[in-house]
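First the structure, in the form of structure tokens, and then the observations on it.
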Amino acid sequence: AFNFPNQFDATMVLTQLRYSGIMEALQVRKVGFPFRKSHSDFSKSYWMTVNKDCRAALLQASSNKEKCELICHYLTTRYSHVSGW
């Protein structure tokens, strides 16, 4: 796999999410165990996963919660076709 700025390979992203524990955390959360990250921490950690148009929207967002909603919406829309997402 080649690494280029702002170019994401869906399979690679899913692999990285699995290895980083995000997918496991989501499974734990689904069965009812709380796993909380602050909106600020989440947006600081995942802002780079979105495209430049979404990044522009993040700069205009009025709260960290809104930033998180934008990031989640972008990722679920962009990677909804990936198995296991």
Side-chain angles (χ1 to χ4, degrees):
F2 297 100
N3 295 319
F4 297 103
N6 296 319
Q7 299 294 316
F8 297 95
D9 176 278
T11 304
M12 179 70 76
V13 169
L14 184 58
T15 300
Q16 290 175 334
L17 289 171
R18 284 185 178 137
Y19 284 129
S20 68
I22 299 299
M23 299 304 284
E24 182 179 5
L26 290 173
Q27 292 299 324
V28 168
R29 182 72 177 108
K30 282 182 183 180
V31 296
F33 295 100
F35 176 80
R36 303 263 191 259
K37 191 170 197 169
S38 72
H39 290 120
S40 177
D41 287 343
F42 182 91
S43 62
K44 287 177 185 174
S45 295
Y46 297 104
W47 67 269
M48 79 290 290
T49 62
V50 300
N51 65 12
K52 68 179 182 177
D53 292 332
C54 189
R55 288 182 189 178
L58 291 175
L59 292 174
Q60 300 299 315
S62 60
S63 68
N64 284 317
K65 181 180 180 183
E66 185 180 350
K67 290 177 184 179
C68 292
E69 290 170 348
L70 288 166
I71 293 167
C72 289
H73 177 74
Y74 173 82
L75 292 174
T76 55
T77 303
R78 172 68 177 89
Y79 296 106
S80 63
H81 67 284
V82 177
S83 175
W85 180 249

Is Val50 close to Leu58 at the side-chain level, that is, under 4.5 Å between some pair of heavy atoms?
yes

Restricting to side-chain hydrogen bond (donor to acceptor under 3.5 Å, both in side chains), what partner residues turn up for Gln16, sequence neighbours left out?
none

Which heavy atom of Phe42 sits nearest to which heavy atom of Cys72, and what is that distance?
CZ-SG, 3.8 Å

Do Ile71 and Ser43 touch side chain to side chain, with heavy atoms closer than 4.5 Å?
yes

Residues two or more places apart in sequence or in another chain: which of them pass side-chain hydrogen bond (donor to acceptor under 3.5 Å, both in side chains) with Thr15?
none

Is it the case that one hydrophobic cluster holds both Leu59 and Met48, taking links as side-chain heavy atoms less than 4.5 Å apart, direct or via other members?
no

Ignoring hydrogens, what is the shortest heavy-atom contact between Cys54 and Asn51? Give both atom names and the distance.
N-OD1, 2.9 Å

Please identify each residue that fulfils ring-ring contact (aromatic ring centres under 6.0 Å, His included) with Tyr74, with sequence neighbours left out.
none

Lys67 NZ to Gln60 CD distance, which is reported to the nearest 0.5 Å:
10.5 Å

Rounded to the nearest 0.5 Å, how far does CG of Leu70 lie from CH2 of Trp47?
15.0 Å

Interatomic distance, Glu69 atom CD to Asn64 atom CG [nearest 0.5 angstrom]:
11.0 Å

Quick one: does Val13's side chain get under 4.5 Å of Thr49's, heavy atoms only?
no

Considering all heavy atoms, the nearest Ser63-Glu66 contact
OG-N, 3.1 Å

